[in-house]
Amino acid sequence: TIRCKSCPAGTAAKEGEGKGECPPCGAGLYSDKGAAECSECAGGEVPSADATGCEICGVGTYSLPGDAECRTCPTLLHSTAGSDRCTVDSVLAVCLGVCFVVQMVSVLMAGSTFRRVIRIRDLSQSGDGVIITT
């Protein structure tokens, strides 16, 4: 008689890896008890330390599906708990536009002969940097 055992959470039984073996889930993966495969957490979540479930990323951090750890938002961007991206706070976007205009006025008053005012339409994230769309 062959008896199958259920693998504990955080591991998975995979065909061809030996009888009764339950290798642990790899980085960025988790599993429930008895799982045949390990799974990725959704964006905004990462596997717990023991890979038995997913934990939500905190405020100011984010993750993409399959990330092993939450990533910190780049400077000038923020996120709410459980986010899969960082965004620019609308108050900050307004401040950036005003600060830019104030800086331009200061330069013009200092006697500069050529300046170009750029209207900022959007600020977004790209990896660890910020994209300014004009």
request  = With the side chain counted from C-beta on, respond yes when Arg85 and Ser79 share a heavy-atom pair under 4.5 Å apart, and no when they do not.
outcome  = no
request  = Please confirm whether the backbone N or O of Cys86 pairs with a side-chain atom of His78, one donor and one acceptor, at under 3.5 Å?
outcome  = no
ask   = What are the two closest heavy atoms between Ala81 and Val59, and how far apart are they?
value = N-CG2, 3.9 Å
From Glu45 atom CD to Asp67 atom CG, the distance as rounded to the nearest 0.5 Å = 12.0 Å
inquiry  = How long is the straight-line distance from OH of Tyr62 back to OG1 of Thr87, given to the nearest 0.5 Å?
reply    = 12.0 Å
Euclidean distance, Asp50 CG relative to Cys25 SG, rounded to 0.5 Å = 10.0 Å
ask   = Can you find a pair of side-chain heavy atoms, one from Pro8 and one from Lys33, that are under 4.5 Å apart?
value = no
note = All heavy atoms of Thr11 vs all of Cys38, minimum pair found to be C-SG, 4.3 Å
query = More than 12 non-hydrogen atoms from neighbouring residues, nucleotides or ligands closer than 6.0 Å to CG on Leu64, yes or no?
reply = yes
task = Would you give the length of the straight line joining atom CG of Asp32 to atom OG of Ser39, rounded to the nearest 0.5 angstrom?
result = 7.5 Å
task = Search all heavy atoms of Ala51 against all heavy atoms of Leu29 and return the closest pair with its distance.
result = CB-O, 3.6 Å
request  = Answer yes or no: is there a donor N or O on one side and an acceptor on the other, between the side chain of Ser48 and the main chain of Cys54, under 3.5 Å?
outcome  = no
Test item: Ser31 side-chain N/O and Gly10 main-chain N/O as donor-acceptor pair under 3.5 Å = yes
task = Indicate the atoms forming the closest heavy-atom contact of Ser63 with Glu69, along with that distance.
result = CB-O, 4.3 Å
